[in-house]
Peer 1: 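Just dropping this structure here.
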Amino acid sequence: MEDMIFYDRLQFAFTITFHYIFPQLTMGLSLMIVYFKWKFLRNKIEKYNNAAKFFMKIFAVNFTMGVITGIPMEFQFGTNWAKFSELTGGIIGQTLAMEGTFSFFLESSFLALFIFGEKLMGQKLHFLTGFLVFLGSWGSGYFILATNAWMQHPVGYEILDNGTYVLENFSALFKNPWLLPTFLHNQMASLITSAFVVASIGAFYILRNKNKEYGKLFLKTGVVFGFTASVLVAFPTGDWNAKNVAKYQPASFAAMEGIFETEPKGAEIVLIGQPNMVEKKLDNKIAVPNILSFLTYQEWDRQILGMDKFKKEELPDNIPALYYAYHIMVGLGTIFIGIMGLSAFFLWRKKLYTIKPLLWGIMFLVPFPYIANLTGWYVAELGRQPYLVYGLLKTSDGISPTVSSGNTLFTLLGFVALYMLLGLLFLVLVGKTIHQGPKPQKH
Amino acid sequence: MTDTLISLISIIVGIVGTNVFGLLYRKYNIGLIGNTIAGVFGSILFIKVFGRLGFDPVSIMKPRIFNAFLFVINMIVSLLGGVLLVVFIKKKGIK
């Protein structure tokens, strides 16, 4: 049984990690494409239009990869998590179906119109199709997060005699206090990824002395969007999320912050340290006293419950992974504010395009927003353990009881091989698009 | 269980098939990106629409026995979906 849960979780973790590489870029990029197109409509400078179309190509490749990797996810609900789907399908089925019907179709239909329909529709309608792609993309994120928010903090449900969950209040799904802060935090994090991608392509063009005019435009836009989103992802959205975890999942909060023992007055914030699960303490700790209490409750002496106050079965089952994921996410978020803040400063001083170390830095930092986004999701998912639906349905009760661990392992190996192939194809396609660069419109 | 893997293999067959088709018949080559996107969406569309006739991934593995015949039909339909979408795009002169 333990083996079955382990492999089911491993397979889901692997497939969702690979899948989320793509939507996190498309969500942020769609907003930046709308910005480029809006700038073109306002000042009629062709390079903004070419920038919008260039990034829509990268968007299309990412969107396609997101679709390919999303289909197996849909199947996994039925194959690996049959019991979970059976028990909660009446609730999560609503939001997942809305995601497909309202958002995915909106996004994919208008993406095709944006790519192929510029001459046919004229510029204003072309802008509108770009805006609808953005709306579909963010709507998709909203409905998926509504599903996840219900799993993190279940509301508006009723349990029938046979154990299945049904919706008792539909609007509660969307008024869930977990949803809005998570959605805003997630979207800002996506915007950071896209801003770094746009800025890094700009830095690449400037360093290569190729498409320099576009290089400057991409870098400038990426830095402005990146700095704004880096600040917003920390405050207010990140702060709001952390307060929600402290309120609704106090055991997870203690684990992610690395609080093993409850302090009588005021909790310290841990900057660095390694969880020692044998002695139940943090090794080599560097911490600042009372800051965590202040950040969470705006009271210096407010007590925050440590892991010692919870039963073992209430605590997440992989505390070190949760702790490290959280600290990597926060650490990277701080670096993003620093690097984007510095870039924004030099942009203001009109020196950014000539500072080569900073341009190299921006270019090579591209993988890190992806890592931060993924570790952020690991925090949410590891923090919810040992539950699938927090406080109601244990992970061990949601798996498909008849699927053997060997079967799951075999499929997982298949996924690893095929995703490596897809990953290579993705790199070739995106590399080719970047190499070609934005093409000026032929008249 | 392996249904998930079959769905992925089906799309990859669509991608590879559409690109090979583009290489064999240059007239239907709309670039690596174009053929790949057509391969993905064409194969998904065809499998989602026609797979219900009995060769969707779940039916291929049902009941816990791998049905190679249905699998081959699935792959052919997937490939056809991608190829026909490229042909449609070229005929309509979209690209």
Side-chain angles (χ1 to χ4, degrees), chain A residues 4 7-8 11-12 15 18 57-58 60-80 82 108 111-113 115-117 119-120 400 402-419 421-422 425-426 428-433 436, chain B residues 1-20 22 29-49 51 56-66 71 74-75 78 81-82 85-86 88-95:
Chain A
M4 283 163 72
Y7 286 115
D8 281 333
Q11 189 186 84
F12 200 84
T15 47
F18 193 81
K57 264 194 210 168
I58 293 180
V61 174
N62 270 272
F63 179 74
T64 307
M65 290 293 161
V67 171
I68 301 172
T69 53
I71 293 222
M73 311 289 327
E74 176 194 325
F75 275 99
Q76 273 183 80
F77 275 113
T79 52
N80 300 43
S108 43
L111 172 65
L113 278 175
I115 293 175
F116 301 118
K119 282 179 195 160
L120 202 72
S400 307
T402 52
V403 177
S404 70
S405 51
N407 202 339
T408 312
L409 182 63
F410 167 76
T411 317
L412 176 61
L413 292 173
F415 273 124
V416 172
L418 292 175
Y419 279 5
L421 201 73
L422 281 174
L425 179 67
F426 169 74
V428 169
L429 294 179
V430 170
K432 212 172 162 221
T433 311
Q436 282 172 348
Chain B
M1 178 60 251
T2 316
D3 326 11
T4 46
L5 205 55
I6 292 169
S7 66
L8 195 60
I9 295 169
S10 177
I11 297 169
I12 288 174
V13 165
I15 297 173
V16 175
T18 313
N19 275 295
V20 171
N29 192 334
I30 52 173
L32 184 60
I33 297 176
N35 280 55
T36 302
I37 292 177
V40 171
F41 288 101
S43 64
I44 291 174
L45 180 73
F46 266 49
I47 294 298
K48 285 272 179 195
V49 174
D56 60 318
V58 179
S59 309
I60 291 168
M61 286 306 294
K62 210 174 176 180
R64 294 174 151 269
I65 299 163
F66 176 71
F71 179 72
N74 182 295
M75 297 297 124
S78 174
L85 188 58
V86 175
F88 174 78
I89 290 170
K90 283 303 269 192
K91 293 275 183 213
K92 287 283 168 192
I94 295 170
K95 183 150 173 144

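Quick note on labels: first sequence line is chain A, next is B, and so on, each numbered from 1.
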Peer 1: Can a donor-acceptor pair be found between the side chains of B:Asn35 and B:Asn19 at a distance below 3.5 Å?
Peer 2: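 Their side chains do not contain a donor-acceptor pair, so the 3.5 Å distance test is not met.
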Peer 1: Does any backbone or side-chain atom of A:Leu421 lie under 4.5 Å from a heavy atom of chain B? Answer side chain, backbone, both or neither.
Peer 2: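 The answer is the side chain of A:Leu421.
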Peer 1: So B:Ile6 and B:Phe66, side-chain contact (heavy atoms from CB on, under 4.5 Å) or not? Walk me through it.
Peer 2: CA-CA 11 Å; B:Ile6 292 169; B:Phe66 176 71; 4.3 Å; yes
Peer 1: Just say parallel, tilted or perpendicular for the rings of A:Phe77 and A:Phe12, cut-offs at 30° and 60°.
Peer 2: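 Ring orientation, 0 to 90° scale: perpendicular.
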Peer 1: At a heavy-atom separation under 4.5 Å, does A:Ala60 approach chain B through its side chain, its backbone, both, or neither?
Peer 2: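 When you check distances to chain B, atoms from both the backbone and side chain of A:Ala60 fall under 4.5 Å.
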Peer 1: Would you please test A:Asn80 and A:Ser400 for side chain to side chain donor-acceptor pair (under 3.5 Å) and show each step?
Peer 2: CA-CA 5 Å; A:Asn80 300 43; A:Ser400 307; over 6 Å; no
Peer 1: Counting only non-hydrogen atoms closer than 4.5 Å, does B:Leu32 touch chain A with its backbone (N, CA, C, O), its side chain (CB onward), both, or neither?
Peer 2: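 Backbone plus side chain of B:Leu32, per the 4.5 Å heavy-atom cut-off to chain A.
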Peer 1: Need one label for A:Val428: side chain, backbone, both or neither, based on atoms under 4.5 Å from any heavy atom in chain B.
Peer 2: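 Answer is side chain: those atoms of A:Val428 sit under 4.5 Å from chain B.
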Peer 1: What part of A:Ile115 gets closer than 4.5 Å to chain B, counting heavy atoms only: side chain, backbone, both or neither?
Peer 2: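 Interface part for A:Ile115: neither.
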Peer 1: A side-chain contact here means heavy atoms from C-beta on lying under 4.5 Å apart; do A:Phe75 and B:Pro57 qualify?
Peer 2: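 Yes - at least one pair of side-chain heavy atoms lies under 4.5 Å apart.
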Peer 1: Measure distances from B:Ile11 to the heavy atoms of chain A and classify the residue's part below 4.5 Å as side chain, backbone, both or neither.
Peer 2: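 Contact with chain A involves the side chain of B:Ile11 alone.
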Peer 1: Any donor-acceptor pair under 3.5 Å linking the side-chain atoms of B:Ser59 with those of B:Asp56?
Peer 2: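 Yes, B:Ser59 and B:Asp56 have a side-chain donor paired with an acceptor closer than 3.5 Å.
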Peer 1: Quick one: what part of A:Leu425 sits under 4.5 Å from any heavy atom of chain B, side chain, backbone, both or neither?
Peer 2: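 Side chain only.
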